[in-house]
Structure formats: C-alpha cells, structure tokens
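These figures come from a predicted structure and were not determined experimentally. Quick note on labels: first sequence line is chain A, next is B, and so on, each numbered from 1.
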Amino acid sequence: MPELPEVETTTRALRPGLLGRTIVGVRAIDYVPLVEPLPPEAFAAAVCGRRVLGVGRRGKYILLRLDDGAVLSIHLRMSGRLHLLPQEAAPDRHTHAVLDLDDGQALHFYVPRKFGRMRLLTGEEYAVLDGALGPEPLAPTFTAASLQDRLRARPRARLKALLLDQRFLAGLGNIYVDEALFRARLHPLRLAGSLSGGEVGRLHGAVVEVLGEAITAEGTTLSDGVYLFGSGEAGRFAERLRVYGRTGEPCIVCGMPVVRQVIAGRGSHFCPRCQV
DNA sequence: CCACGATCCTGCTAGC
DNA sequence: TGCTAGCAGGATCGTG
C-alpha cells in the first residue's frame, strides 16, 4: 500500500518525464468519482494545455504544479499506480485516467480498486489541504520536541490511531506505523500522554529512521505486487519488515511470536514482549 | 475528545 | 477442483 516512501519513490520516478511537459489530452476517465468534484469533461478542459512546472509530494499526495497556479493532486490510496507509457499504449482495464503529454508519452493512472483520486485544486484549495495535514516527518522541523508537543495535545489518543491520522503526522500508513512502533519498543495501544521524554525521542527516531531506510529501498512491495513504481519496478523494503505481516513468526529481538490484533480498525502487528 | 462502524471497490484467500 | 463469502486497506463521515 502506498505510504510516504512509496509515494516519494513514485514521485521521483515520474519527475524527469513530467517536468516541463504540457498536458495535451485527457482520456479514459470512465469513473466519475476519480476526478470529483469536477465532472470528467470539465476536469479535462481545465487540465489540457497546462504545463507541469513542479512535481512534488506532501504526505501521501503527489502534487503536479501547473502553469496557471493550479495544483493537480493525485492520491494513490491503497492500490493506485502511476506509469509513463508511450501514447500509443492501450490503457489497462484498470486504468481510469490517461493524461497525454506533448512528448509522445502518457501518464496512466492505474486504479484497480477505484479508490485513487485526482483532484484539481486552486492555490487556495491546496493551501487548505496543506494546512489540514500534519508535519512532514522527514522535514528538519519535525523534531522530537515538536512531536512531544503534538502528543501532549492529544493525550488520550492511542499511538496507533494517532500515527495513522494524517492530520497528526503526514505520510505514515499501516505498515510504517507498525514498523516504527516496533523499533521504538512502544505498544500500539499506549496513550500518547503516557510517553516519557525518552520514549518520545525513541518514537521520533524510529519514524525518521524507518522512513529513510524505506525510501532508500524504494518502498515496500509485498507478495501481492500491489505497489510498483517507474516502469514496473518493485521496492525492496519488504524483506526488511520486522513485524508487519509476520504474525506468529518469532520476534527478531526476543523470539516471542509476533501478534496481530485489530487496533484502530487496522490489523496491527507487534511483539507483545518488546513493545510496552 | 476519542472509538467504532460503515462506506467505497475488487483481487485474493480461506473455508467449505 | 470449484465455488463463494469475507477480508484488506486510506480517508471520510456519522454515531455512540
């Protein structure tokens, strides 16, 4: 499932092919909610003729900055992918939007579960989105002290729920929350207000470390092959996962079987001995 | 303030 | 072997 490292990797893979390109056509939007609230025709009309001046990321959103000040935000949700293909390539049956570029390439938005979204935002609308999201965990301004402040503002929330909340911290999803909590040796059900200063420091370090390593490995491609980037490459972080998807297998630190329990509505993996 | 369940979708898996 | 019921998963919304 695309989380920050997968979205970052996808963004990096797309950037060279998108920067400076002009969108000359929009095809294959056969699923209205994909581009809501604009109707597909209005979305196409607004996007055609626009040049891509920037390719970036905020949390799990991929952002294309257009030459009229608008921002095209793309969210992959759990199973979406973006691929650049030659314009003559036929869209896959799960591709529900194609943006044709002026160099003969086309950006395919592959969305097998129709959860992904493309949204054309004005500068002001983007500012609202940006303001609603929590800090970027890899920004230098995200420090242990700033995490401490945010945790203290939500003392009754459980760590698992809080770390999944994009308004609290942007970019983490189920996999990296579980991995960060394991590295920090913190139980997912711990209340935010119960953490000592040292524990906050461990959590901060674990989040930064696991995201950095996962980006270096170009993300996590599980055996289901849901996440692929570039021209279909797989990320290499799956082999480095310590608890996610390892239910019943021994903890790599203490040997105790990894437990899976639904917390905050998500399958949560942790070591019942190491994580307190 | 926080938890929980439903919703949206479809490929895959577990279970018969 | 073949079928189906149910689950997973991010974000959002309504309810408790």
Side-chain angles (χ1 to χ4, degrees), chain A residues 1-8 10-11 28-37 57-63 73-82 91-97 109-119 121 125-126 128-134 137 149-180 187-195 211 214 219-228 234-235 237-238 241 243-248 260-269:
Chain A
M1 296 84 238
E3 304 179 26
L4 190 153
E6 291 75 31
V7 176
E8 177 65 26
T10 298
T11 302
I29 301 183
D30 56 358
Y31 181 68
V32 170
L34 192 79
V35 293
E36 272 177 352
R57 178 193 60 75
R58 174 79 170 96
K60 300 176 197 171
Y61 292 86
I62 293 164
L63 303 167
S73 83
I74 305 173
H75 201 300
L76 305 173
R77 292 283 181 97
M78 29 201 272
S79 54
R81 292 184 214 159
L82 288 167
D92 183 276
R93 70 186 178 103
H94 293 308
T95 293
H96 295 292
F109 193 19
Y110 171 85
V111 207
R113 283 173 219 175
K114 297 186 176 172
F115 270 29
R117 294 290 181 266
M118 264 185 185
R119 203 171 155 212
L121 305 170
E125 286 169 334
Y126 173 67
V128 171
L129 171 65
D130 181 51
L133 291 171
D149 291 342
R150 297 184 75 78
L151 289 167
R152 283 190 177 145
R154 305 282 305 277
R156 306 279 309 155
R158 308 202 180 273
L159 289 181
K160 175 81 186 197
L162 211 43
L163 294 172
L164 282 174
D165 186 345
Q166 302 302 296
R167 296 166 298 185
F168 180 80
L169 187 61
L172 294 183
N174 204 33
I175 294 176
Y176 296 108
V177 168
D178 283 3
E179 292 298 307
H187 196 286
L189 288 174
R190 278 285 291 279
L191 299 183
S194 76
L195 268 60
L211 293 177
T220 299
T221 299
L222 301 174
S223 54
D224 58 14
V226 161
Y227 157 72
L228 298 169
F237 198 69
L241 296 175
V243 282
Y244 185 86
R246 297 190 64 249
T247 310
R260 181 186 186 279
Q261 184 184 330
V262 175
I263 299 171
R266 293 283 173 273
S268 303
H269 312 74

Engineer: Out of B:dA3, B:dC2, C:dA11, which nucleotide sits closest to the side chain of A:R154?
Structural biologist: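 Taking heavy atoms from C-beta onward, the closest nucleotide is B:dC2.
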
Engineer: Report the distance from atom CG of A:L164 to atom C1' of B:dC4, rounded to the nearest whole Å.
Structural biologist: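 One finds 14 Å between C1' of B:dC4 and CG of A:L164, rounded.
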
Engineer: Residues in side chain to side chain donor-acceptor pair (under 3.5 Å) with A:T247, at least two apart?
Structural biologist: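 Scan of A:T247 (side chain to side chain donor-acceptor pair (under 3.5 Å), adjacent residues dropped) gives none.
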
Engineer: When the distance from CZ of A:R167 to C1' of B:dC2 is rounded to whole Å, what number comes out?
Structural biologist: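 Computing the A:R167:CZ to B:dC2:C1' distance gives 11 Å.
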
Engineer: In this structure, how many angstroms lie between the P atom of C:dA11 and the NE2 atom of A:H75, rounded?
Structural biologist: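 From A:H75 NE2 to C:dA11 P: 4 Å.
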
Engineer: So which protein nitrogen or oxygen atoms get under 3.5 Å of nucleotides 10-14 of chain B's nitrogens or oxygens?
Structural biologist:
residue	atom	partner	partner atom	Å
B:dT10	OP1	A:K114	NZ	3.2
B:dG11	OP1	A:R93	NH2	3.3
B:dG11	OP1	A:H94	NE2	2.8

Engineer: Ignoring backbone atoms, establish whether A:R117 has a side-chain N or O less than 4.0 Å from OP1 or OP2 of C:dT12.
Structural biologist: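 For C:dT12, OP1/OP2 do not have a side-chain N/O of A:R117 under 4.0 Å.
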
Engineer: Take atom CG of A:L34 and atom P of C:dG10, then tell me their distance rounded to the nearest Å.
Structural biologist: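 Result: 19 Å.
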
Engineer: I need the CD1-C1' distance between A:I263 and B:dC2, as an integer number of Å.
Structural biologist: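 Rounding to the nearest Å, CD1 of A:I263 and C1' of B:dC2 are 15 Å apart.
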
Engineer: Would you sketch DNA chain C in dot-bracket for me? Only Watson-Crick or G-U wobble pairs with both distances under 3.5 Å count, crossing pairs as [ ], other-strand pairs as |, the rest as dots.
Structural biologist: .|||||||||||||||

Engineer: Give the rounded distance in Å between these two atoms: CZ of A:R156 and P of B:dC4.
Structural biologist: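 Taking atom P of B:dC4 as the reference, CZ of A:R156 is at 13 Å.
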
Engineer: Check the phosphate of C:dG10 against A:Q166, side-chain N and O only, distance under 4.0 Å to OP1 or OP2. Yes or no?
Structural biologist: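 A:Q166 to C:dG10 OP1/OP2: no side-chain N or O under 4.0 Å.
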
Engineer: Using the six-membered ring wherever Trp is involved, compare the ring planes of A:Y176 and A:F237 and label them parallel, tilted or perpendicular (cut-offs 30° and 60°).
Structural biologist: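 Because their plane-to-plane angle lies in the 30° to 60° range, the rings of A:Y176 and A:F237 count as tilted.
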
Engineer: Take the protein atom CZ of A:R190 and the nucleotide atom P of B:dC2, then report the distance between them rounded to whole Å.
Structural biologist: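 Those two atoms, CZ and P, are 16 Å apart.
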
Engineer: Using whole Å, report how far CG of A:L191 lies from P of B:dC2.
Structural biologist: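 Rounding to the nearest Å, CG of A:L191 and P of B:dC2 are 10 Å apart.
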
Engineer: If we only count heavy atoms from C-beta on, is the A:V177 to A:L159 side-chain gap below 4.5 Å?
Structural biologist: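 In short, these two side chains do not touch, never coming nearer than 4.5 Å.
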
Engineer: Given C:dA8, B:dC2, C:dG10, identify the nucleotide with an atom nearest to the side chain of A:A157.
Structural biologist: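 Of all the options, the side chain of A:A157 is nearest to B:dC2.
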
Engineer: Of all the heavy-atom pairs spanning A:A264 and A:K160, show the shortest one and how long it is.
Structural biologist: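 Smallest interatomic distance, heavy atoms only, reads CB-CG, 4.2 Å.
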
Engineer: Counting side-chain heavy atoms from CB outward, which of B:dC2, C:dG10, C:dA11 is closest to A:N174?
Structural biologist: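 So the nucleotide nearest the side chain must be C:dG10.
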
Engineer: Nearest to the side chain of A:P155, heavy atoms from C-beta on, is which of B:dC2, C:dG10, C:dT12?
Structural biologist: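 Closest nucleotide to the A:P155 side chain: B:dC2.
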
Engineer: Where is the tightest heavy-atom contact between A:E179 and A:V243, given as atom of each residue plus distance?
Structural biologist: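 The pair with the smallest heavy-atom distance is OE2-N, 2.9 Å.
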
Engineer: How far apart are the closest heavy atoms of A:A170 and A:G59, and which atoms are they?
Structural biologist: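 Residues A:A170 and A:G59, closest heavy atoms: CB-CA, 3.8 Å.
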
Engineer: Counting N and O atoms only, with roles assigned by atom type, does the side chain of A:R81 sit under 3.5 Å from a partner on the main chain of A:V226, one being a donor and the other an acceptor?
Structural biologist: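 Yes, the answer is positive, given that a donor and an acceptor are paired below the 3.5 Å cut-off.
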
Engineer: Which atom names give the shortest non-hydrogen contact between A:L162 and A:A192, and what distance separates them?
Structural biologist: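 Heavy atoms only, the tightest pair is CD2-CB, 3.5 Å.
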
Engineer: Can you tell me how far the CG atom of A:L82 sits from the CD1 atom of A:I74, to the nearest 0.5 Å?
Structural biologist: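 One gets 5.0 Å once the value is rounded to the nearest 0.5 Å.
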
Engineer: Report which part of the nucleic acid A:R260 touches: base, sugar-phosphate, or nothing (heavy-atom distance under 4.0 Å, all strands).
Structural biologist: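 Sugar-phosphate contact only - A:R260 comes under 4.0 Å of backbone atoms but never of a base.
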
Engineer: Considering every strand and a 4.0 Å limit on heavy-atom distances, what is the contact class for A:Y176: base, sugar-phosphate, or nothing?
Structural biologist: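 Here A:Y176 touches no strand at all.
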
Engineer: With rounding to the nearest 0.5 angstrom, report the CD1 to CG distance, A:I175 to A:L241.
Structural biologist: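 Rounded to the nearest 0.5 Å, the CD1-CG separation comes to 6.5 Å.
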
